[in-house]
Amino acid sequence: MTTKMDEKLEPIFQEVLSRNPGEVEFHQAVREVLESLGPVIVKYPEFGQHKIIERICEPERQIIFRVPWQDDKGNVQINRGFRVEFNSALGPYKGGLRFHESVYLGIIKFLGFEQIFKNALTGLPIGGGKGGSDFDPKGKSDNEIMRFCQSFMTELYRHLGEYTDVPAGDIGVGSREIGYLFGQYKRITNRYESGVITGKGLNYGGSMVRTEATGYGAVFFVDEMLKVRNESFAEKICVVSGSGNVAIYTIEMINELGGKVVACSDSSGYVYDEKGIDLELVKQLKEVERRRISDYTQYRNHARFITGKSIWDIPCQVAMPSATQNELTGKDAQNLIKNGCIAVGEGANMPTTPEGVKKFLEAGVSFGPGKATNAGGVATSALEMQQNASRDSWTFAYTRERLQDIMKNIHEVTYETAEEFGSPRNYVVGANIAGFIKVANAMVAMGLI
Ligand code: NDP
Ligand code: 2IT
């Protein structure tokens, strides 16, 4: 809990709890936003009259479907697919697909809800949505992944369109899966509709920098927070959790800015390399060979693989949680603060528990919430849509510059909004309010829909 919820908002939150039983991650995400909105409903009474908050908490559409597929042994497997089309006030629903065994409606709704405000912060014309499946990609063959993606898209395609709903990747969905998903969409619809999905390969409509965008963008955001403190990444010891897409390109940009990352992880444990994580080795293990991070120590003998302990026990000045939700607890936050951490940037979505966020804010740690910090991924997806719509493709340098400008702008808007609404340097409040006001104004303008 970051602040106390306004008494006018409390009944709205209670209604969300009773309408969405058991969806604890969704409750957590809604609570955090509602806790920020007290001063907004005072300044904008029209939002209350139009029941904007109640409407924003109810997805425009929720699709749940069966995904049957056959494994390599010929056995029939059944998974559950989801797409939550949360809000289209600012543009077509936009947000990734997550394939992970933990996926259920509550996870997809928390992600879709956060996506509304994140996408608004990018300043680009995209609404909010999210989807995925409880399918576990670990240990599956390429053919199994392809058959699953084809079956998933065979149901989902009817809900998509470049002006309707535009998915992308998230946990367990990278360029391989996007290729299979796009291929099946193209086949079923008989349309080469590039803008229907983002994160595509560079040889068939993808954008330069999309692969790197979330990690690079997160580091650009933290760099802006450090500048406010008259600090920089130079010589900083950093810890980045995860070793997937976001973590890898977070490490790459920290290295470029002169920092040193000493640890990264996967769900089995973490690798500590005091000489600095060898990023080329991590890329080879994770991106090319799809192996476990524990194998790192086979090639770097001095490094250690540690299980059963928290990666946040390692002393660092900058922490960037980039794996999954609620991976950094109140106790972890306390340890980080004790060890001299000055900045935290959430590469993942909601990786810090409410207790952790509270501790960081109270200790004066610069804390970049996921909605702001990791928005570079979806922003570059919107740039991919822009290139697809104009049948153009931009250079790496130009696209990177656009991304950096967007991240600087998000930092400025969230910083200034926090000041304006009486919570200086609280980027949680700044991001929630700035994102919310943009969406709310558009909803008021469009009438009761
Ligand atoms: P990847 O699938 O590429 O990597 C995920 C990483 O996180 C892996 O190292 C994985 O380990 C670890 N991880 C996943 N689930 C868990 C878990 N339950 N416990 C511990 N570790 C876990 O995904 P991304 O890098 O794309 O996504 C990481 C985070 O960033 C997610 O929160 C996602 O929502 C967020 N994000 C992603 C964006 C993107 O553009 N890809 C954009 C914005 C946010 P293992 O392999 O062992 O499961
Ligand atoms: O959480 C996210 O912002 C993403 N997974 C990226 C979404 C996108 O549409 O690029």
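Heavy atoms only: backbone and side chains are in, while hydrogens, waters and symmetry mates are out. Start at 1 and go down the list; that is how both ligands and their atoms are numbered. Just so we're clear, the structure is a prediction, and the values are computed from it rather than from any experiment.
Heavy-atom contacts of K138 reach the following atoms of ligand 1: 45 (P), 46 (O), 47 (O), 48 (O) (cutoff under 4.0 Å). Ligand-side atoms of ligand 1 in range of S267: 11 (O), 19 (N), 20 (C), 21 (N), 45 (P), 47 (O), 48 (O), range being under 4.0 angstrom from any heavy atom. Proximity to T214 (heavy-atom distance under 4.0 Å) selects the following atoms of ligand 1: 38 (C), 39 (C), 40 (O), 42 (C), 43 (C). Counting the atoms of ligand 1 from 1 in the order shown, those under 4.0 Å from a heavy atom of S243 are 9 (O). Each of the following atoms of ligand 1 lies closer than 4.0 Å to a heavy atom of G242: 9 (O). Within the listing of ligand 1, atoms 30 (O), 35 (C), 36 (N), 44 (C) sit less than 4.0 angstrom from a heavy atom of G347.
The side-chain heavy atoms of C238 and F233, taken from C-beta on, include a pair separated by under 4.5 Å. A 4.5 Å side-chain heavy-atom check between V30 and H27 finds every atom pair outside the cut-off. In this structure, E287 and V282 have side chains that are not in contact, with every pair of non-hydrogen atoms separated by 4.5 Å or more. Between V209 and L383, every side-chain heavy-atom pair lies at or beyond the 4.5 Å cut-off.
Aromatic ring centres of F221 and Y427 lie closer together than 6.0 Å. The distance between the ring centers of Y192 and F182 falls below 6.0 angstrom. Checked against the 6.0 Å centroid threshold, F99 and F148 count as a close aromatic pair. Here the two rings, on F65 and F152, have centers that are under 6.0 Å apart.
Residues D332 and T329 have side chains that bring a donor and an acceptor to within less than 3.5 angstrom of each other. Inspection of the D273 and H302 side chains reveals an N or O donor paired with an N or O acceptor under 3.5 Å. In summary, the side chains of T373 and E346 do not present any donor paired with an acceptor at a separation below 3.5 Å, with no hydrogens or angles considered. Checking N349 against K118 by side-chain atom types alone, a donor-acceptor pair falls below 3.5 Å. When only modelled atom types and interatomic distance are considered, Q150 and Y185 share no side-chain donor-acceptor pair under 3.5 Å.
For atom 15 (N) of ligand 1, the nearest non-hydrogen atom of the protein is H100 NE2, 3.6 Å. Remark: minimum distance from atom 6 (C) of ligand 1 to any protein heavy atom is reached at G244 N, 4.0 Å. In terms of protein heavy-atom proximity, atom 46 (O) of ligand 1 is nearest to R292 NH1, 3.4 Å.
In this structure, S265 is part of the shell of residues with a heavy atom less than 4.0 angstrom from ligand 1. Residue-ligand proximity: G172 is placed with a non-hydrogen atom under 4.0 Å from ligand 1. Heavy atoms of R98 come nearer than 4.0 angstrom to ligand 1 in at least one pair. Within the structure, the closest approach of R210 to ligand 1 falls below 4.0 Å when heavy atoms are considered.
Looking at L111, I171, V378, it is I171 that brings a heavy atom closest to atom 27 (O) of ligand 1. Considering each of A323, A348, S294, the one bringing a non-hydrogen atom nearest atom 28 (C) of ligand 1 is A323. Across the listed options D170, T324, N349, T324 owns the non-hydrogen atom lying nearest to atom 18 (N) of ligand 1.
In this structure, atom 35 (C) of ligand 1 is in close contact with the protein, since a protein heavy atom lies within 4.0 Å of it.
Among residues two or more places apart in sequence or in another chain, the side-chain hydrogen bond (donor to acceptor under 3.5 Å, both in side chains) test is passed with Q404 by none.
Residue N245 touches ligand 1 through backbone and side chain together, judged by heavy-atom distances below 4.0 Å. Counting heavy atoms under 4.0 Å from ligand 1, residue S322 touches it through the backbone alone.
Taking the centre and axis of the six-membered ring of F135, the NZ or CZ atom of K140 falls inside the cone set by 45° and 6.0 Å.
On a distance-only criterion, V246 and ligand 1 share at least one N/O pair closer than 3.5 Å.
Protein residues having a heavy atom under 4.0 Å from any atom of ligand 2 are K94, G95, G96, Q115, K118, K130, A168, G169, D170, R210, N349, G377, V378, S381, listed by chain and number.
Under the 30°/60° scheme for interplanar angles, the aromatic rings of W394 and Y398 are found to stand perpendicular.
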